[in-house]
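What follows is one structure encoded as structure tokens, with my remarks underneath.
Throughout, protein chains are lettered first and strands after them, A, B, ... in sequence-line order, and every chain is numbered starting at 1.
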Number of protein chains: 2
Amino acid sequence: MADIKTSANPLFLREDELRRGIELLFYAYRDFTAEPDAMLANHGFGRAHHRAIYFVGRNPGMTVSALLGILRITKQSLNRVLGQLVREGFVERHAGVDDRRQRLLRLTATGVDLERRLSENQRARLARAYREAGADAVAGYQRVLLGIINEGDREKLANG
Amino acid sequence: MADIKTSANPLFLREDELRRGIELLFYAYRDFTAEPDAMLANHGFGRAHHRAIYFVGRNPGMTVSALLGILRITKQSLNRVLGQLVREGFVERHAGVDDRRQRLLRLTATGVDLERRLSENQRARLARAYREAGADAVAGYQRVLLGIINEGDREKLANG
DNA sequence: GTTTTTATGTCAGCCATGTTGACTTATATA
DNA sequence: TATATAAGTCAACATGGCTGACATAAAAAC
């Protein structure tokens, strides 16, 4: 009886393979966010704060709309966490230069520091996983995740 | 000038590569959960209900403690959603046979139906991503996600 | 130059889902 | 018989989504 589980087999998309892919994503995301969540709790912050800090740190000078587009939440939800971050000195808002209605976002020095501490855990975790899996596996990981993402962002992220 | 970005290069763990890995995981999870979330909202349910239904469907007859161990939430949080699912006829609880303190969980026919409809989207999305990425990429995707997961579950899931 | 649209912020209230802490019940085990 | 375990419950609280309504300033259209 032929081995129907070899990687070259076109039937690799059967139910079990998909179920496994779904579960691995659940477990990985669960463990990936657990430690930063615990650190954030000490500041009275939550995961939403981490996301805002992360993307502002990644895109200094980004507009509020751009951040909303990434997070896919309402501006009311965003402003709750963004307001806290501004009031507590982690994020700065400055009027845009060509469009003065815009509020350009950037991390303060304190914000940069918090972002680094928060993501350190995730970077270390991912670095270990990458190292143990090897470069080819990393390419596959990226290719599949890219395929999961909706078309619009997939194109934007494709050559990242 | 040599291409320092080839997949064989040992420097592939630099900052940018890790950042990309983090962001792909964020975007993929965001889009992976968006459609089931919308369906659940029509039932007055949320993502927590989906997780409970999914894992009970996957492990018929599982105990409450086993489910708690997977979801990593408190029993109070779980019981809120589990109670709703039982009251509304999606999940059944039966006393265990060898240990009658246990409540063994399983989906009703209605529950099986809901689970299938909820996960259909995710299975289709993942199937497309798998198909387009190819079997080698799928293996890499699984290997890296497995590496992200904490040791305890990693061993349990390794030969899944 | 006036009107309209856009970018952003804000107030109020609702819901889902996580938390802690205290307590109960039934059953298994020592 | 005493203790430990599996599960459920009540109460209160926080985070972070949501909707809807409204305000302000600046850009863009007319």
Atom pair distance, as rounded to whole Å: [atom1] in [X] and [atom2] in [N]:
{"X": "B/Leu105", "N": "D/dA6", "atom1": "CG", "atom2": "C1'", "value": "12 Å"}
{"X": "B/Leu78", "N": "D/dG8", "atom1": "CG", "atom2": "P", "value": "8 Å"}
{"X": "A/Asp37", "N": "C/dT17", "atom1": "CG", "atom2": "C1'", "value": "13 Å"}
{"X": "B/Leu82", "N": "D/dT9", "atom1": "CG", "atom2": "C1'", "value": "14 Å"}
{"X": "A/Leu40", "N": "C/dG18", "atom1": "CG", "atom2": "C1'", "value": "15 Å"}
{"X": "B/Met62", "N": "D/dA6", "atom1": "CE", "atom2": "C1'", "value": "14 Å"}
{"X": "B/Ile53", "N": "C/dA16", "atom1": "CD1", "atom2": "P", "value": "15 Å"}
{"X": "B/Arg72", "N": "C/dT19", "atom1": "CZ", "atom2": "C1'", "value": "17 Å"}

Assert yes or no for the condition that the ring centre distance of A/Phe45 to A/Phe90 is strictly below 6.0 Å.
yes
Could you check whether any side-chain heavy atom of B/Arg19 comes within less than 4.5 Å of a side-chain heavy atom of B/Asp16, counting everything from C-beta outward?
yes
Is B/Ile22 reachable from A/Ile148 through a run of hydrophobic residues whose side-chain heavy atoms are each under 4.5 Å from the next?
yes
Hey, does the side chain of A/Arg30 reach the backbone of B/Ile70 with a donor-acceptor pair shorter than 3.5 angstrom?
yes
Whether B/Thr108 side chain and B/Gly111 backbone form a donor-acceptor pair below 3.5 Å:
yes
C/dT17, OP1 or OP2 - any side-chain N/O from B/Ser77 closer than 4.0 Å?
no
Does A/Thr74 make a side-chain N or O approach to OP1 or OP2 of D/dC18 shorter than 4.0 Å?
yes
For nucleotides 21-28 of chain D, read 5' to 3', which letter fits each nucleotide if B means a protein heavy atom sits under 4.0 Å from the base, S means only the sugar-phosphate is that close, and - means neither?
B----BS-
Checking contacts here: which listed nucleotide (D/dG8, C/dT19, C/dG9) is nearest the side-chain heavy atoms of A/Asn79?
C/dG9
Could you grab the distance from atom CG of A/Leu82 to atom CZ of A/Arg80, nearest 0.5 Å is fine?
12.5 Å
side-chain contact (heavy atoms from CB on, under 4.5 Å) partner of A/Leu71, the single match among A/Thr74, A/Ile73, A/Leu68
A/Ile73
Please find the pair of heavy atoms, one from A/Thr33 and one from A/Gln122, that lie closest to each other, and give the distance.
CA-NE2, 4.2 Å
Under 6.0 Å from the CZ atom of A/Arg100, do we count more than 12 heavy atoms belonging to anything else shown?
no
Do any of residues 42-51 of chain A sit with a heavy atom less than 4.0 Å from DNA chain D, and if so which?
A/Gly44, A/Gly46, A/Arg47, A/Ala48, A/His49, A/Arg51
